[in-house]
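Everything on this sheet refers to the single structure shown next.
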Amino acid sequence: MRDRLIFAGQLGFTLLVAAFLVVPVLLSISAGITVNYFRGIQSGVTLQWVAQVWGLYKGEIGLSFLIAFATLAVTLVVGVPAAYGLHVRGGRLSRVIEEIITLPLAIPGLAIALALLLTYGGFGGFRQSWLFILVGHTVFTMPFMVRSVMAVFASVDIKTLDEGAASLGASPWTRFCNVIVPNALPGILAGSLMVITLSLGEFNLTWMLHTPLTKTLPVGLADSYASMRLEVASAYTLIFFIMIVPLLVAMQMFADKGEKQ
Amino acid sequence: MNAITGHGAAVHIIDCGKTFPDGTQALAPASLDIIAGETLVLLGPSGCGKTTMLRIIAGLETPDAGGRILFDDTDVTAIPIEQRHVGMVFQSYALFPNMTVAENIGYGLKIRGVGKADRAARIAEMVALTNIGGLENRRIDQLSGGQRQRVALARAVAVRPRVLLLDEPLTALDASLRDRLRSELNRLLRSLGITAIYVTHDQAEAMELGDRIVVMRKGAIAQIGTPRDVYFQPQNRFVAEFVGAANIVEGPIAQGRLSLPGGWLALSDAADAAAAVAMIRPETIGLVAEGGASLCGTVESVSFIGDRQRVIVTGAASKPLTIDAPNGINVEIGQRVGLSVASAAVRVLPKED
């Protein structure tokens, strides 16, 4: 009896906390498909706001995905070998470099953006292209890739595996492809997941770096919150949701599969 | 060169030392010649430099300036491990978790561009040699420790290395399995006729496997010799005590006799000395009647071990003597006993500074 009470109490508390977090999401979504939010859901359900947002912002949405995947590509190509190098080399210098890579986590995005603007703002073509935002996102997401890959390296004793492959005659590049990457896969997937979601949702940096022609999803979202009806902004949130949730689920499933192997 | 072995290379280590960037010297410059086809064991406690020496031979560490490594007559000092054509068995095995047993064994062959059919044949040969039939398609995490050890060995030997390097390959296994694999490994190394360098801290392993043993201490070579040399003729106190059990006795030598508190021992050949140190192995001391014995003492304890009994005798030397006596004789605690030691079994050790 007492156990059951405790269980009911815990369940109730958990549900309350979950509701506290989930209700705003549901409200926001419902607002996005309501004809008039102030009159409530009885005013009718509509997809007109969603359609309007899609019409207005599909460029931003496309650009966001372009930047997210480009960021992923850069962090993979640079981050995985960097993590390998740092892990195998070890020592103080490696730790210093790791700290420097991690630094953008501690520095406000606005400050990073300002530094990028001060340094490269003068290069007009670069400043105005989406590549400028890509640089910001890469700086911001790199530590997540490097760290999660390094964590796996430490857990599977990659250094000895590497030496084992070397003793069998494999060149550094062959070792990297045959032994390092396959065994670091769980970390690479976890890192990729972080990079994609962080890049898609990044606002601070991007808001400073964007131009009217290089806006991303979150910047567009801020735009629509500031200047449009609440229903439009909510519909925007809904689209953001629909885009990112399947991606998260897919990568999570992928990561689970990688771990099982 | 037959189907299974490669040709074993002679290895020459010339003035190879290793100082790490933080200034600690892991290995004082040392030279060593390893004969083609022999099994050489590097034996010593942890931190003695044996693994560093092995890694220098493998090409995983570079020796300090001036050091050189030769395989036969080829200087390989500047050649990275992947081009040295060695086989290596690691303490943690370093098997690739992303490959099956067969893929692990065939990896070195694949790297060398051996065709699929030849590779399969060689893998089958290795599987048979190391008794791991039926495991070919298993993943590494589905293997027991002993099976992993065999796969690691098969993988290292599959490429017909010029030198096989083994870094404490049995240490991660439990005791009974270790004993069994040790004799298996011994048979394998003999039949391969390969040059093998084997690192261990276990003197029983070193005795059984080594054609020669290099005893190391604090980054330097303490003695090089056959297992019998090292056991019966240790050149210093460290070797005497590290390899097997040893009684160390101290006393003056005069007229071919070593004087001890409980009497004296005859020596086969020794110069007079005011203070000498000698070693006696426990199994070389015989228990005899007190009367007529040149050295006597009192039995302090007797432990029955099965194949023998370990008797501790006090009063004979300044420290209690350990004696391995046959299991059949009857000794009692407190009994006065005479000790007989053949003069050849008393090994006078050089003075240590």
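To find a chain, count down the sequence lines: A is the first, B the second, and so on, and within it residues start at 1.
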### Query
Who among B:Val86, B:Val89, B:Leu60 has the most heavy-atom pairs with chain A under 4.5 Å?
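Looking at each option in turn, the highest pair count goes to B:Leu60.
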For atom [atom1] of [X], decide whether the heavy atoms of other residues, nucleotides or ligands shown that lie under 6.0 angstrom number more than 12.
X: A:Phe203; atom1: CZ; answer: yes
X: A:Phe126; atom1: CZ; answer: yes
X: B:Asp73; atom1: CG; answer: no

### Message
Can you tell me how far apart OG (A:Ser167) and CG (B:Asp167) are? Round to the nearest 0.5 Å.
### Response
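These two atoms lie 11.5 Å from each other.
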Nearest heavy atoms of [X] and [Y], plus distance in Å:
X: A:Leu161; Y: B:Phe96; answer: O-CE2, 3.4 Å
X: B:Phe90; Y: A:Gly164; answer: CE1-CA, 3.5 Å
X: B:Glu82; Y: A:Pro172; answer: OE2-CD, 3.3 Å

### Task
Tell me, for B:Ile81 versus chain A, whether the close heavy atoms (under 4.5 Å) come from the side chain, the backbone, both or neither.
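Contact with chain A: backbone and side chain both.
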### Atom group of B:Leu109 that falls short of 4.5 Å from chain A, counting heavy atoms
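Neither part.
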### Message
Set out, in order, the CA-CA distance, both residues' side-chain angles and the distance that settles side chain to side chain contact (heavy atoms under 4.5 Å, CB included) for B:Arg155 and A:Leu168, then state yes or no.
### Response
CA-CA 8 Å; B:Arg155 185 180 73 174; A:Leu168 292 163; 3.5 Å; yes
### Query
Are the side chains of B:Pro97 and A:Val156 in touch, meaning some heavy atoms are under 4.5 Å apart?
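No, every pair of side-chain atoms sits at 4.5 Å or beyond.
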### Query
Within the side chain of A:Asn178, is there an N or O that forms a donor-acceptor pair under 3.5 Å with the backbone of B:Tyr107?
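Answer holds: no.
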### Most contacts with chain B, counted as non-hydrogen pairs under 4.5 angstrom, among A:Arg175, A:Glu163, A:Lys159
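With the most close heavy-atom pairs to chain B, the winner is A:Glu163.
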